[in-house]
2 protein chains.
Amino acid sequence: MAAMTQLESPPAGAAALPEGAEGAAAAPPAVRPGRRRDPSRDADILAATLDVLAEVGYDGMTMDMVAARAQAGKATVYRRWESKADLVIDAVACLKSPPPLDDLPDTGSLRGDLVAMIRTPSVKDAQRKLRIMTGLVSLIDREPELAETTRRALVEPRAAVTRALLRRAVERGEARPDCDIETLASVSAAMASYRTLMLRKPVDREFLLSVIDGVIVPAAVGAPGH
Amino acid sequence: MAAMTQLESPPAGAAALPEGAEGAAAAPPAVRPGRRRDPSRDADILAATLDVLAEVGYDGMTMDMVAARAQAGKATVYRRWESKADLVIDAVACLKSPPPLDDLPDTGSLRGDLVAMIRTPSVKDAQRKLRIMTGLVSLIDREPELAETTRRALVEPRAAVTRALLRRAVERGEARPDCDIETLASVSAAMASYRTLMLRKPVDREFLLSVIDGVIVPAAVGAPGH
DNA sequence: CAGTTCCGGAACTGTGCGGTAACGTAGGAG
DNA sequence: CTCCTACGTTACCGCACAGTTCCGGAACTG
């Protein structure tokens with residue numbers, strides 16, 4: 001079902017500290033008998049986790065759901081992750097979207113650049129991420145580290161683009177030099193997540209345009225933009 | 001512990017429709033024998049609900065916690081509300097803060113008015129509300145009506161004030177006449193809830209000032225404010 | 001071949017919690 | 001006084017779910 005293309009690092013599966021007895025057998029020989037673990041199952045399980053997370057949230061998600069969606073047994077899941085929380089944390093961490101920094105739009109105006117950012121496929125991808133964020137809220141205040149992970153994986157990429165566009169607009173002389181780039185760059189994410197979490201309204205193109213034309217551009221550019 | 005000063009309407013306790021058999025005893029006589037229900041328990045239970053909600057969220061909250069905090073028995077709670085969800089919905093609905101619209105600050109400038117809104121006690125009260133909102137997120141997408149209730153009780157009062165201040169600034173000629181008041185009025189709430197839910201950072205005076213000076217004022221007023 | 005580890009599936013255990021029922025007591029109506 | 005209801009406490013039921021274990025089978029090592 002889902003895409004899931006990356007995941008290079010093994011998810012740190014079960015590092016139960018051996019608590020060395022007296023001078024134990026140094027390093028366990030890397031070669032072990034038996035059937036090899038199938039790495040493709042990791043990605044399937046993580047993708048299934050994100051799907052279920054986006055649909056029912058962390059508290060509504062059960063390990064049976066994840067296993068069923070991944071067509072895996074629960075034992076296969078627990079062989080790789082110690083707990084439900086561990087699984088979700090890893091799934092979010094492996095969600096780094098491909099950095100869209102390479103092809104920054106350059107339309108010549110700040111508004112044009114910002115509008116170019118919200119092409120339709122990009123918006124749909126962002127909606128999925130917002131659903132995932134919604135489901136993570138309840139876990140975030142039990143696992144503080146997850147807040148930072150989530151921010152980096154889900155929010156920061158887009159904020160970084162906005163930041164770069166604003167910086168360029170300042171250098172170009174279009175935006176006023178004293179504008180608060182850091183705060184302005186987080187406005188989009190804040191407005192979008194607020195609309196999704198509390199208002200339960202869709203974050204569509206029209207809404208994003210009103211944020212660009214009603215907030216970001218007028219705040220960055222002195223004169224009425226348009 | 002908590003304040004809890006309002007609550008005039010009885011919380012609709014258990015209106016099990018009688019499904020009239022043939023010509024039953026018309027209206028049940030309003031006077032009933034036995035001990036009267038103590039109305040002060042309602043407020044205590046609702047206040048306890050909001051306290052627990054702010055501390056552990058909806059999914060972490062148990063009915064035993066609420067009953068213990070209110071020094072009540074679970075039966076006393078269930079005599080008034082049919083379910084956990086009902087209790088929480090009523091608790092949020094009874095949280096209408098006193099409308100601060102009567103004494104709108106009038107400092108002569110938009111920035112001065114907005115800064116006057118964020119006096120220290122007001123900020124602390126808002127933080128409690130943000131904690132409650134955080135705990136409600138997981139329930140909101142199971143009970144769509146709750147989204148509207150939450151918005152009206154927790155968000156709308158402050159947004160309405162901001163809206164009024166912006167409108168006045170436009171009439172005064174300070175803010176540009178074409179500014180998007182509706183979108184700008186929701187920026188504060190969005191930034192604050194985003195910071196609380198996702199970033200887990202405190203919504204303090206410094207942060208709110210950066211929203212005012214970095215976003216709202218420059219977006220509403222054409223020229224660099226200050 | 002035997003021995004070991006993985007796989008999906010299913011049965012199982014333990015626990016925490018929503019909701020109910022049964023106490024014994026307090027207090028208002030007749 | 002006698003009913004009847006509300007109150008707080010405690011025990012209890014049922015269920016859902018995290019996590020474990022076992023099964024039959026597949027894959028890999030020696």
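Computed over heavy atoms, backbone and side chain alike; hydrogens, waters and symmetry mates excluded.
- Residue A:Met61 is classed as a sugar-phosphate contact, given heavy-atom separations below 4.0 Å to backbone atoms only.
- Heavy-atom distances to DNA chain D give each of B:Thr76 and A:Ala85 a nearest nucleotide, and the one nearer the 5′ end belongs to B:Thr76.
- For the side-chain contact (heavy atoms from CB on, under 4.5 Å) test with B:Val217, the passing option among B:Val211, B:Leu184, B:Ile212, B:Val115 is B:Ile212; the others fail.
- Salt bridge annotation for B:Arg128-B:Asp51: present, with a cationic side-chain nitrogen under 4.0 angstrom from a carboxylate oxygen.
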Review point. For B:Arg195 and A:Ser186, what are the C-alpha separation, side-chain angles and deciding distance, and is it a side-chain hydrogen bond (donor to acceptor under 3.5 Å, both in side chains)?
Key: CA-CA 10 Å; B:Arg195 189 175 172 88; A:Ser186 66; over 6 Å; no

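- Across all strands shown, the partner of D:dG30 is C:dC1, judged by Watson-Crick or G-U wobble contacts whose two distances both fall under 3.5 Å.
- Taking a heavy-atom distance under 4.0 Å as the criterion, the stretch of DNA chain D touched by chain A extends 5' to 3' from D:dC17 to D:dT29.
- A:Asp64 comes within contact range of no nucleotide atom at all, as no heavy-atom separation falls under 4.0 Å.
- Using a cut-off of 4.0 Å between Lys/Arg side-chain N and Asp/Glu carboxylate O, B:Arg200 and A:Glu143 are scored as not salt-bridged.
- Under 4.0 Å is where a charged nitrogen must lie from a carboxylate oxygen, and between A:Asp44 and A:Arg41 at least one such pair does.
- Each of B:Ser83 and B:Gly34 has a nearest nucleotide on DNA chain C; the 5'-most of these lies closest to B:Ser83.
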Practice item. For nucleotides 20-26 of chain C, just jot down a letter per nucleotide in 5' to 3' order: B, S or -, based on protein non-hydrogen atoms under 4.0 Å. Key: B-----B

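- Nearest-nucleotide positions on DNA chain D for B:Ala67 and A:Gly60 put B:Ala67 closer to the 5' end.
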Exercise for review: Check the pair B:Leu46, B:Leu50 against side-chain contact (heavy atoms from CB on, under 4.5 Å), reporting the backbone distance first and the verdict last.
Suggested key: CA-CA 6 Å; B:Leu46 290 172; B:Leu50 293 172; 5.7 Å; no

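- Distance CG (B:Asp86) to C1' (C:dG19): 13 Å, rounded to an integer number of Å.
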In residues 52-63 of chain B, what donor-acceptor pairs under 3.5 Å come from side-chain atoms, sequence neighbours left out?
residue, atom, partner, partner atom, Å
B:Glu55, OE1, B:Arg69, NH2, 2.9
B:Glu55, OE2, B:Arg69, NH1, 3.3
B:Glu55, OE2, B:Arg69, NH2, 3.3
B:Asp59, OD2, B:Ser138, OG, 2.5
B:Thr62, OG1, B:Met65, N, 3.1

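- Scanning both residues, A:Ala220 and A:Leu166, for their nearest heavy atoms gives CB-CD2, 3.9 Å.
- We find that B:Arg79 and B:Asp42 are not joined by a salt bridge, their nearest charged nitrogen and carboxylate oxygen being 4.0 Å or further apart.
- The distance between atom CZ of B:Arg36 and atom C1' of C:dG30, rounded to the nearest whole Å, is 12 Å.
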